2 protein chains.
Amino acid sequence: MKKEAFVNNTTVCKMKIRAITDTMDLLSGKWKFHIIGTLLEGQSLGFMELQREIDGVGAKMLSKELKDLEMNKLISRTVMDTKPITVKYALTDYGKTLRPIIDEIAHWGVAYRNTITN
Amino acid sequence: MKKEAFVNNTTVCKMKIRAITDTMDLLSGKWKFHIIGTLLEGQSLGFMELQREIDGVGAKMLSKELKDLEMNKLISRTVMDTKPITVKYALTDYGKTLRPIIDEIAHWGVAYRNTITN
DNA sequence: ACCATAGGTTTCCTTTGGGAAAGTACTTTC
DNA sequence: GAAAGTACTTTCCCAAAGGAAACCTATGGT
């Protein structure tokens, strides 16, 4: 008798696994959590503002990650009719639903730091 | 006057950003969420069991990710005195504290799928 | 002897991620 | 008219991630 998966073999678990994969696909990369985290605090920020806020990010990566997030409808990109031209990035209502995830992760990270430093 | 970061420049925000970085460092890689998610369901599993449960993971990556997680005290590795030798992996109490994160991510992923398919 | 099982490690290879710097285009300020 | 600011894109390059397959040790079954 050949052995097969059993724990993850229920419909519920398969859904859960797929859900985790889906979410992490959207949020993969070094900067997405930082961008979303920053936009959760800052409401609406320009490109250069974001680059200043997010320590270490280069223009290329920021540009690319913003595009990814925009494609997935998590953030909006609005070109303002100002001189010089400015662009503002903000979370969509949909993107804002990520707050619980970000908060859980931040919360865990704080607790983690307290644990290892004691 | 040189422009500087302001949104992320408070002590609270710096802590939050660092916390997110910390957490994601521990959980980076393609398989860690899957391993933890599976162990949250399965309690205690052997190497081959994990490989069967986690669709697509190769022995090398599984081995490496398990080592990473063990080093960070998120899982335990126990060699059993059986013949043939077996090893069981389980979440530590500390690793179990990741459940809210995993659950939030899974929950969001399910909602996400419902959104895009409508 | 031969195969299957458990639990890996090692080698080789390809793909992806990511950074630095330069280039584009337009506008305002000195 | 030169510099500097906004908002990128493009190119070039390197390092890290990840997969496939072979290999290793050991035991038990037929």
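Throughout, a chain's letter reflects where its sequence line sits, starting with A, and its residues are numbered from 1. Here the structure is a predicted model, which is why all the values come from computation and not from measurement.
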[X] [atom1] to [N] [atom2]: how many Å, rounded?
| X | N | atom1 | atom2 | answer |
| --- | --- | --- | --- | --- |
| B/Leu45 | C/dA6 | CG | C1' | 14 Å |
| A/Leu62 | C/dG17 | CG | P | 16 Å |
| B/Arg77 | C/dA6 | CZ | P | 15 Å |
| B/Glu70 | C/dG8 | CD | P | 9 Å |
| A/Tyr89 | D/dT6 | OH | P | 14 Å |
| B/Gln51 | D/dA20 | CD | C1' | 12 Å |
| B/Leu50 | C/dG7 | CG | C1' | 12 Å |
| B/Ile85 | C/dT9 | CD1 | P | 12 Å |

Candidate nucleotides [options], ranked by approach to the side chain of [X] - the nearest:
| X | options | result |
| --- | --- | --- |
| A/Lys60 | D/dT9, C/dT9, C/dG19 | C/dG19 |
| A/Trp31 | C/dG19, D/dA7, C/dT9 | C/dG19 |
| A/Glu65 | C/dG18, C/dA6, D/dG18 | C/dG18 |
| A/Thr86 | D/dA7, D/dT27, D/dG18 | D/dA7 |
| B/Lys67 | C/dG18, C/dG7, C/dT9 | C/dT9 |
| B/Met61 | D/dG18, C/dA6, D/dT9 | D/dG18 |

Gap between atom CD1 of B/Ile102 and atom CG of B/Leu39 - 0.5 Å precision: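 Spacing of CG (B/Leu39) from CD1 (B/Ile102) equals 10.0 Å.
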Determine whether a donor-acceptor pair (N or O, by modelled atom type, separation under 3.5 Å) exists between the side chain of B/Ser63 and the backbone of B/Ala59. no
Can any side-chain N or O of B/Gln51 pair as donor or acceptor with the backbone N or O of B/Met48 at less than 3.5 Å? no
Between B/Ala59 and A/Lys64, name the one whose nearest nucleotide on DNA chain D is closer to the 5' end. A/Lys64
What is the ring orientation for B/Phe47 with B/Tyr89, classed by angle as parallel under 30°, tilted 30 to 60°, or perpendicular over 60°? tilted
Note: A/Lys16-B/Glu41 ion pair, threshold 4.0 Å (strictly below):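 Yes.
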Touch check for B/Gly56, heavy atoms < 4.0 angstrom, all strands: base, sugar-phosphate only, or nothing?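 B/Gly56: no heavy atom of the nucleic acid under 4.0 Å.
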